[in-house]
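Quick notes on the structure that follows.
Bear in mind the structure is a predicted one, so any value in this text is a computation, not a measurement. First listed ligand is number 1; within each ligand, the first listed atom is number 1.
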Amino acid sequence: MAEVKILAIESSCDETAAAVVEDGRRLLSNVISSQIDIHTLYGGVVPEIASRKHTERINRVVRKALSDAGLTLADVDAVAVTYGPGLVGALLVGVSFAKGLAFAAGKPLIGVHHIEGHICANFLQHPGLEPPFPCLIVSGGHTTLARVKDYGTYEILGRSRDDSAGEAFDKVARAIGLGYPGGPKIDALSDEGDSSAIDFPRAKVDGSIYDFSFSGLKSAVLNYLNSCRMSGEEIRTADVAASFQKAVVDVLVEHSMLALEAGGEKRFALAGGVAANRHLRAAFEEACSARGVELFCPSPVLCTDNAAMIGSAAYYEFKNGVRHDLSLNAMPALKLGERL
Ligand code: KG4
Ligand code: ZN
């Protein structure tokens with residue numbers, strides 16, 4: 001069979017992105033128009049602004065994805081789009097655009113789950129990787145430990161009961177004056193800090209060895225900052241950043257290794273924006289190699305939001321016969337593995 005080329009669109013948060021992916025594994029183009037500079041002014045993503053900017057940019061981004069791939073719309077086999085989870089207004093821009101494009105060009109339409117996309121970024125980076133394998137997805141919206149049983153089939157092992165890891169990074173960064181988005185800033189600042197300077201808590205969650213909780217850690221950081229301010233003690237922000245980051249990474253590694261040991265797998269994958277964190281990657285590398293486990297992780301640009309990952313996930317949906325019609329709608333709270 002000839003190669004399947006999919007034009008994919010992603011607009012669930014603050015990146016307007018489009019890409020063309022061949023057979024779920026080969027990137028023909030990957031265009032990302034980030035709104036970070038705008039949302040930084042407000043200290044976080046402003047949903048109405050995100051939707052408006054997607055509307056302004058999506059046409060150019062999609063045209064560039066096609067032209068970078070040296071293709072026209074007639075050459076692609078399907079149009080894919082993220083339909084959830086995410087910000088409803090932001091999702092609607094991509095979904096409406098993709099529906100219009102698919103209808104006008106007479107191409108199949110495939111709605112894709114954003115988190116499935118994050119997992120599939122690994123298939124772009126590692127062409128030999130095939131399910132089954134356990135995977136930790138750490139993004140701004142989600143912290144989920146799952147077993148990828150087959151393409152499109154997942155078993156949820158654990159998830160955060162409150163804040164996601166990315167949210168904790170963003171909130172702590174704001175509290176120490178680093179601004180939005182916090183993850184990359186904490187990642188960089190922590191190089192100058194001592195990760196054992198402050199003993200922040202590593203939360204255990206009642207009833208599940210795989211679930212996470214980060215809101216207590218966030219409160220512990222805020223309490224630490226307040227008590228320093230009240231006692232006039234100097235706040236070494238690099239130490240706070242490094243110690244906080246170590247507390248997050250320790251828990252993520254510990255729970256992931258428990259899941260690995262229970263399943264007996266020799267492969268483990270990381271996914272999502274927080275997986276771009278250099279300290280997290282190094283800690284997982286160390287923990288996996290100590291157990292003879294091969295670690296898979298997308299390059300940083302494929303960890304954070306992009307449409308290439310959506311094009312990869314869509315290919316496996318396409319092969320499974322998934323097709324959506326024009327009733328496809330944005331589903332802001334779509335669960336991993338759920339299908340319309
Ligand atoms: O996956 P993603 O791009 O968007 C969502 O689906 O949410 O993840 C965004 C999150 C943000 O919270 C951001 O601060 C975090 O990923 N992030 C990082 C790093 N780069 C992005 N967190 C820690 N270290 C990084 N280097
Ligand atoms: Zn994401």
Side-chain angles (χ1 to χ4, degrees), residues 8-17 19 30 32-36 39-40 43-45 47 50 54 81-87 90-91 94 112-122 135-144 159-160 163-176 178-191 193 195 212 214 217-218 241-242 244-253 269-284 297-310 312-313 332-334 336:
I9 297 171
E10 154 64 40
S11 70
S12 65
C13 191
D14 59 348
E15 334 278 350
T16 318
N30 188 22
I32 304 169
S33 173
S34 175
Q35 307 175 5
I36 281 177
H39 298 288
T40 296
V45 177
H54 286 311
V81 64
T82 306
Y83 73 111
L87 302 170
L91 287 165
V112 173
H113 191 290
H114 181 76
I115 299 300
E116 291 195 36
H118 274 302
I119 295 169
C120 292
N122 280 290
C135 180
L136 174 72
I137 305 110
V138 269
S139 73
H142 294 79
T143 301
T144 305
R159 54 161 63 93
S160 178
D163 290 354
S164 70
E167 257 176 296
F169 268 95
D170 293 337
K171 287 176 181 169
V172 166
R174 191 176 313 151
I176 56 176
L178 297 179
Y180 177 84
K185 293 185 172 157
I186 288 189
D187 192 347
L189 181 64
S190 64
D191 284 349
S195 63
F212 305 95
F214 294 110
L217 169 60
K218 175 196 66 190
F244 156 76
Q245 180 175 260
K246 176 107 175 45
V248 175
V249 170
D250 280 354
V251 171
L252 294 173
V253 170
L270 290 170
V274 182
N277 185 279
R278 291 166 304 135
H279 305 264
L280 179 143
R281 294 164 86 99
F284 269 90
C297 193
S299 62
V301 71
L302 292 176
C303 283
T304 47
D305 287 351
N306 64 84
M309 66 187 199
I310 303 303
S312 175
L334 193 65
L336 182 63

Considering the heavy atoms of [X], write down every atom of ligand 1 situated less than 4.0 Å from one of them.
X    : result
H114 : 6 (O)
G141 : 7 (O)
A276 : 26 (N)
G166 : 12 (O)
H118 : 1 (O), 6 (O)

Could you state the interatomic distance from SG (C120) to CD1 (I115), rounded to the nearest 0.5 Å? 11.5 Å
Where is the tightest heavy-atom contact between [X] and [Y], given as atom of each residue plus distance?
X    : Y    : value
S12  : P85  : CB-O, 3.7 Å
S164 : F214 : C-CD1, 4.1 Å
R174 : G43  : NH2-O, 3.1 Å
H118 : T304 : CE1-C, 4.2 Å
E10  : D305 : OE2-OD2, 4.3 Å
H113 : Y83  : N-CE2, 4.3 Å

Ignoring angles and geometry beyond distance, decide whether [X] reaches within less than 3.5 Å of ligand 1 through its nitrogen or oxygen atoms.
X    : result
D187 : yes
F169 : no
T304 : no

Would a 4.5 Å heavy-atom cut-off, applied to side chains only, mark [X] and [Y] as touching?
X    : Y    : answer
L252 : L136 : yes
I310 : I9   : no
V274 : S139 : no

Which residue owns the protein heavy atom closest to [atom], what's the atom, and how far is it?
atom                    : answer
atom 15 (C) of ligand 1 : V274 CG2, 3.9 Å
atom 24 (N) of ligand 1 : N277 ND2, 3.0 Å
atom 7 (O) of ligand 1  : G140 N, 2.8 Å
atom 21 (C) of ligand 1 : G273 O, 3.4 Å
atom 2 (P) of ligand 1  : D305 OD1, 3.3 Å

Check for me whether C13 has a heavy atom closer than 4.0 Å to any atom of ligand 1. no
If we only consider heavy atoms of H279, is any one of them less than 4.0 Å away from an atom in ligand 1? no
N/O/S atom name from H114 that is nearest to the position of the Zn ion (ligand 2): NE2
With the Zn ion (ligand 2) as the reference point, give the N/O/S atom of D305 that is nearest.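 Distance check against the Zn ion (ligand 2) picks out OD1 in D305.
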Heavy atoms only: which of G272, A275, A121, G183 lies closest to atom 22 (N) of ligand 1? G183
I'd like to know: is the Zn ion (ligand 2) within the 2.8 Å range of an N/O/S atom from H118, strictly under that distance? yes
With heavy atoms only and a cut-off of under 4.0 Å, state how D170 meets ligand 1: side chain, backbone, both or neither.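 It is the side chain that touches ligand 1; the backbone stays farther off.
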Set out, in order, the CA-CA distance, both residues' side-chain angles and the distance that settles side-chain contact (heavy atoms from CB on, under 4.5 Å) for H114 and M309, then state yes or no. CA-CA 9 Å; H114 181 76; M309 66 187 199; 3.5 Å; yes
Let me know which of V45, L91, T82 forms a side chain to side chain contact (heavy atoms under 4.5 Å, CB included) with C13. V45
